[in-house]
Amino acid sequence: MPLTHTRDLFAKALKEKYALGAFNVNNMELLQAIVEACEEEKAPVMLQISKGARQYANPVYLKKLIEAAISLTNIPIAVHLDHGDSFELCKECIDEGFTSVMIDGSHLPFDKNVEVCRRVVEYAHKHNCVVEGELGQLVGAQFDEGEAGGGFSKGGHYTHPEEAVAFVKASGVDSLAVAIGNSHGAYKFRGAQHLDLDRLKAIKKTLLDAGLGDYPLVLHGASSVPKELAEEINRYGGKLGEDTAGVPEADIEVARRVGCTKVNIDTDLRLAMTAAIRKALFENPKEFDPRKYLGPARARVKELVRHKVKNVLCCAGHAFD
Ligand code: G3H
Ligand code: 13P
Ligand code: ZN
């Protein structure tokens with residue numbers, strides 16, 4: 001079965017109001033865990049590959065591994081470039097057949113961000129690929145505290161609803177990653193853990209009112225950083241800080257219902273894999289066969305992905321709609 005287009009996955013997800021899990025792939029075990037979990041849960045899936053993953057694993061290995069996965073399953077799979085940082089990298093991935101790319105110009109001034117997105121969109125649309133842009137910065141909740149008080153102030157790190165409309169119209173991007181207090185990694189919040197879900201609702205509604213329809217939004221930094229995984233890592237020799245924190249799964253559920261069509265998860269997979277490897281090596285210090293610790297790691301990631309697609313993203317059961 002060939003790749004399923006990101007555009008088609010988005011259309012179905014928007015219609016049925018579930019979110020697509022976009023899971024990062026860096027090696028064979030992660031890929032197998034994600035695809036097997038989604039196959040068992042009958043969930044469509046987006047595999048996303050970062051610049052770092054391409055450097056680590058080599059684009060050809062990744063392509064061949066994904067081809068193998070596709071040949072072994074019949075669930076819909078799309079392949080996406082995560083955080084593309086240049087037109088050239090996006091072009092490379094479009095030419096390789098990715099069904100979507102992200103051009104991340106979120107660190108640039110508004111006009112420059114529009115400019116680089118526009119350039120990628122023009123190339124992508126000619127080559128049957130769709131584009132994710134990002135407006136606002138994923139610096140975490142502590143940077144914009146108080147901003148959401150009365151109305152939504154402009155000029156902070158968070159995405160402003162009217163600017164989102166202007167950005168989508170000017171850049172032509174097909175989906176938009178928003179900054180609503182989300183951030184990457186295992187230390188997302190100081191103090192209260194929350195996303196600015198009112199802002200998310202306002203962004204979605206303002207896009208609708210502006211004639212952009214049921215426009216797909218993307219939530220980066222959506223790992224929930226389970227305490228039990230952090231504790232397990234530390235129990236078996238890790239040294240994660242006390243202050244690990246992620247997005248509560250209840251917030252992700254609200255974000256899904258409000259209209260986050262693609263939800264990016266990487267850190268939770270890293271934590272699951274690391275916890276299982278540390279445990280296996282600690283309990284069997286004489287072991288040196290990588291299959292004996294990578295096998296349990298793969299199983300742990302699979303269990304986590306099954307939980308996400310079934311209980312949080314609600315895309316389980318939708319593979320063959
Ligand atoms: O948002 C970033 C993803 O977690 C990918 O991370 O650039 O270290 O591969 P990476
Ligand atoms: P996490 O670090 O929360 O897993 O976010 C991953 C992500 O946004 C990839 O683009
Ligand atoms: Zn991200």
Side-chain angles (χ1 to χ4, degrees), residues 6 19-27 29-31 33-34 45-59 61-62 78-86 89-90 93 98 100-107 113 131-141 157-159 173 175-189 193-195 200 216-227 229-230 233 240-241 243-249 251-252 255-256 260-275 301 304-305 307-309 312-313:
T6 301
L20 296 158
F23 300 104
N24 288 72
V25 174
N26 287 279
N27 64 16
E29 283 77 11
L30 284 165
L31 176 64
I34 296 163
V45 68
M46 293 193 62
L47 301 174
Q48 56 181 10
I49 294 173
S50 68
K51 180 179 175 176
R54 286 167 68 82
Q55 283 164 350
Y56 172 76
N58 181 311
Y61 274 105
L62 289 172
V79 176
H80 175 82
L81 168 66
D82 190 27
H83 293 284
D85 62 354
S86 67
L89 175 59
C90 291
C93 293
F98 283 41
S100 47
V101 293
M102 175 190 195
I103 174 69
D104 183 354
S106 59
H107 54 289
N113 191 356
V131 180
E132 174 185 326
E134 178 169 316
L135 184 67
Q137 285 179 270
L138 303 185
V139 288
H157 294 91
Y158 286 18
T159 310
V173 292
S175 60
L176 183 69
V178 292
I180 53 166
N182 43 331
S183 63
H184 294 120
Y187 301 90
K188 296 189 191 297
F189 301 105
Q193 303 180 16
H194 64 92
L195 297 179
L200 180 66
L217 299 176
V218 178
L219 188 67
H220 282 247
S223 281
S224 56
V225 189
K227 278 284 169 211
L229 285 180
I233 287 173
L240 297 183
D243 49 346
T244 57
V247 182
E249 288 184 344
D251 276 19
I252 305 283
R256 169 183 64 76
C260 279
T261 304
K262 170 173 174 278
V263 170
N264 287 14
I265 300 175
D266 186 7
T267 295
D268 283 353
L269 276 59
R270 296 179 179 195
L271 291 169
M273 183 158 234
T274 302
V301 174
L304 182 111
V305 172
H307 163 68
K308 297 282 179 190
V309 299
V312 186
L313 307 174

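Only heavy atoms go into these numbers, but all of them, side chains included; no hydrogens, no water, no symmetry mates. Model, not experiment: these values are computed from the prediction. In listed order, ligands and their atoms are each counted from 1.
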Exercise for review: Verify whether one side chain among Ser50 and His83 offers a donor that lies under 3.5 Å from an acceptor in the other.
Suggested key: no
Review point. Are any of the heavy atoms in Gln48 under 4.0 Å away from ligand 2?
Key: yes
Point to revise | Protein heavy-atom partner closest to atom 3 (O) of ligand 2 - residue, atom, separation in Å | key: Lys188 NZ, 2.6 Å
Exercise for review: May I ask you to check whether Asp266 and Ser223 show a side-chain donor-acceptor distance below 3.5 Å?
Suggested key: no
Review point. Any N/O of Asp82 closer than 3.5 Å to an N/O of ligand 2?
Key: yes
Study note, to complete from the structure: the protein heavy atom lying closest to atom 8 (O) of ligand 2 turns out to be Gly221 N, 2.8 Å
Practice item. Measure Ala222 to ligand 2 on non-hydrogen atoms and call it side chain, backbone, both or neither using the 4.0 Å cut-off. Key: backbone
Review point. Can you tell me which residue and heavy atom of the protein come closest to atom 2 (O) of ligand 2, and the distance to 0.1 Å?
Key: Thr267 OG1, 2.6 Å
Review point. Are any of the N or O atoms of Gly185 closer than 3.5 Å to those of ligand 2?
Key: yes
Quick check on ligand 1: any N or O pairs to the protein under 3.5 Å? One line per pair.
residue	atom	partner	partner atom	Å
ligand 1	1 (O)	His83	NE2	3.3
ligand 1	1 (O)	His184	NE2	3.0
ligand 1	4 (O)	Asp266	OD2	2.6
ligand 1	6 (O)	Arg270	NH2	3.1
ligand 1	8 (O)	Arg270	NH2	3.1
ligand 1	9 (O)	Ser50	OG	2.6

Check your understanding: If you count the atoms of ligand 2 from 1 in the order shown, which ones are under 4.0 Å from a heavy atom of Ser223?
Key -> 1 (P), 3 (O), 4 (O)
Practice item. Look only at interatomic distance and state if Asn24 has a nitrogen or oxygen under 3.5 Å from any nitrogen or oxygen of ligand 2. Key: no
Review point. Hey, what's the angle at the Zn ion (ligand 3) spanning NE2 (His184) and ND1 (His220), nearest 10 degrees?
Key: 130°
